[in-house]
Amino acid sequence: MLDIKFIREHADIVKKNCEDRNMRVDIDALLRVDAARLDLLKEVELLRKERNEIADVMKSASPDQRPAFIERGKALKESLAVKEADLVAAEGEWLTLLLQVPNIASPEAPVGNTDEDNKEVRRSGEIPVIEEVKDHVELGKTLDILDFERGAKVSGNKFYYLKGKLALLEQALIRFALDEAVAHGFTPMTTPDVAKDEMLSGTGYTPRGNESQIYSIENQDISLIGTAEITVAGYYQGEIIEEEKLPMRIVGFSHCYRTEAGAYGRESYGLYRVHQFSKVELFIYASPEQSEAMHQELLRVEEAIWTKLGIPYRVLDICTGDLGAPYTRKYDLEAWMPGKSNANGGRGEWGEITSTSNCSDYQARRLGIRVKRPNGSIEFLHTLNGTAIATSRGMIAVLENGQQPDGSIRIPDALIPYCGFDRIS
RNA sequence: GGAGAGGUGGCAGAGUGGUCGAAUGCGCCUGACUCGAAAUCAGGUGUCCCUUCACAGGGACCGUGGGUUCGAAUCCCACCCUCUCCGCCA
């Protein structure tokens with residue numbers, strides 16, 4: 001969330017930002033509720049002050065003075081109860097509105113609302129020339145390494161089994177990504193696959209409700225995580241970190257669960273959009289001064305990983321309309337997926353494989369994570385995240401780019417030591 | 001899952017209805033002493049919110065949330081977490 005003081009003082013900026021991001025949030029309503037809330041707060045505090053004064057006088061009151069003070073205290077208690085209830089209601093309304101306000105987009109981020117508004121920054125690698133392209137679902141079926149039918153039978157639509165060498169390839173991708181991240185100075189961390197709803201909303205996710213993409217657990221305030229960003233960000237929830245420890249680079253591993261409600265069709269074919277996958281996630285806690293450089297660093301690490309895998313990709317600077325509420329700026333890596341739209345008879349396409357975002361202090365303010373400066377001052381720090389590898393989409397890229405005329409799959413050189421084989425046939 | 005004990009400031013640890021935002025010790029900061037350090041002495045040392053240009057003033061916080069009371073760290077209830085023992089188990 002944003003600092004309410006910032007919203008009060010820069011309502012015009014906040015409104016313009018909502019427009020750029022194509023988000024409708026009633027800032028004027030928020031400001032009205034905020035003013036009403038402050039009025040109530042002052043009233044309540046005044047009543048409490050009187051109450052405290054009477055309690056203080058009571059300490060030394062003579063027996064014949066006491067009844068009068070007690071009566072006054074009782075009256076105060078009643079009016080205080082009424083005002084406090086009003087205040088709680090006002091604060092609830094206030095917070096609901098405040099949490100809807102998105103982070104301020106970086107002025108560098110391209111303004112716009114459609115995919116065409118995303119700015120392609122650069123491309124890397126050669127798009128392979130493949131005759132008779134097969135998509136990863138077909139390849140997986142033919143090689144008997146990927147089974148959606150049994151996944152659907154046992155767990156439901158969009159669940160899958162990895163078999164044989166593909167099961168090993170997944171583990172290889174995970175370990176390769178971890179090793180790369182560690183080599184770049186990241187501390188590995190295996191996190192829980194569930195988190196309290198408080199951590200979900202603290203990171204900017206919506207754990208419950210109609211448009212939620214999260215599997216929540218019945219009768220408990222915990223949910224399956226959609227990304228280790230949630231558990232890694234939650235790690236320091238409510239804590240104060242010494243500045244000399246920043247930046248803190250963490251690489252988290254977890255399984256990820258997403259309901260993908262309402263997502264069907266071409267954009268969810270095969271492994272591209274599934275309910276469960278594994279992900280190696282980069283995360284950085286940074287000081288405000290460091291965060292922009294750290295964002296570039298995350299992008300470099302991502303590119304290093306995909307370059308080493310020999311997968312052609314392009315880098316997109318994501319436009320304001322697609323940023324996602326917590327983020328000031330976001331870069332996606334899209335890999336070339338030769339068979340991505342093959343199911344519809346099309347040719348290859350770019351498909352998102354990583355995403356790195358700068359949250360500035362948006363998550364930190366919600367989660368209460370702060371930095372203590374050497375001079376003793378305390379302020380919210382910055383959080384950033386980026387995908388190293390999401391296995392499902394990573395496997396699409398490896399399988400489809402590695403397909404050979406004989407129907408086998410060539411394994412990228414960087415992965416061979418991790419797989420123990422150089423080909424799936 | 002069952003039984004018991006406990007959750008207080010950076011840490012340790014007092015406090016069982018008002019004099020407690022909280023003793024004491026350690027740690028940390030500042031000053032004195034010293035060539036410097038140690039030791040010693042003096043002072044200071046939580047977070048958040050509101051009002052204020054500032055000085056300052058006010059409010060909240062003793063695991064969390066309710067309740068009792070004129071008044072709660074202190075009493076009552078629920079929940080969470082930790083520890084010990086038992087059970088169960090990868």
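When reading the values below, keep in mind they use all heavy atoms of this one structure, side chains included, and skip hydrogens, waters and symmetry mates. The chains referred to below are lettered A, B, ... by the order of the sequence lines, with proteins before strands, and numbering in each begins at 1.
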Problem set entry | Rounded C1' spacing from B:C81 to B:U64 in Å | 10 Å
Problem set entry | Listed nucleotide nearest any side-chain atom of A:Lys5, set B:C50, B:A60, B:C70 | B:C50
Exercise. When all nucleic acid strands are considered with a 4.0 Å heavy-atom cut-off, which category describes A:Arg72: base, sugar-phosphate, or nothing?
Worked result: nothing
For this session: Indicate yes or no: at least one non-hydrogen side-chain atom of A:Phe148 is less than 4.5 angstrom from one of A:Val274.
Result: yes
Exercise. Among the nucleotides B:C48, B:G58, B:A60, which one has an atom lying closest to any side-chain atom of A:Ile378?
Worked result: B:C48
For this session: Indicate, with a heavy-atom threshold strictly under 4.0 Å, whether A:Arg370 touches base, sugar-phosphate, or nothing.
Result: sugar-phosphate
Exercise. Taking the six-membered ring for Trp, is the centroid-to-centroid distance between A:His275 and A:Phe277 below 6.0 Å?
Worked result: no
Exercise. What nucleic acid atoms does A:Asp56 come within less than 4.0 Å of, heavy atoms only: base, sugar-phosphate, or nothing?
Worked result: nothing
Problem set entry | Check: A:Tyr331 ring centroid to A:His295 ring centroid under 6.0 Å | yes
Exercise. On a whole-Å scale, what distance lies between the C1' atoms belonging to B:G9 and B:U24?
Worked result: 13 Å
For this session: Describe the nucleic acid contact of A:Leu38 in one word from base, sugar-phosphate, nothing, applying a heavy-atom distance below 4.0 Å.
Result: sugar-phosphate
For this session: Check whether any side-chain nitrogen or oxygen of A:Lys77 sits under 4.0 Å from OP1 or OP2 of B:G71, and answer yes or no.
Result: yes
Exercise. Does any nucleotide pair with B:A73 by Watson-Crick or G-U wobble geometry, both distances under 3.5 Å, and what is it?
Worked result: none
Problem set entry | Watson-Crick/G-U partner (both atom distances under 3.5 Å) of B:C83 | B:G4
For this session: Go ahead and name the base partner of B:U40; Watson-Crick or wobble counts if both distances stay under 3.5 Å, otherwise write none.
Result: B:A32
For this session: Considering just the side-chain nitrogens and oxygens of A:Lys49, establish if one lies under 4.0 Å of OP1 or OP2 belonging to B:G58.
Result: no
Exercise. Heavy atoms under 4.0 Å, any strand shown: does A:Lys196 hit a base, just sugar-phosphate, or nothing?
Worked result: nothing
Problem set entry | Side-chain heavy-atom pair A:Thr356, A:Leu384 within 4.5 angstrom cut-off | no
Exercise. Do the side-chain N or O atoms of A:Asn52 get closer than 4.0 angstrom to the phosphate oxygens (OP1, OP2) of B:A60?
Worked result: yes
Problem set entry | Distance below 4.0 Å between A:Lys42 side-chain N/O and B:C50 OP1 or OP2 | no
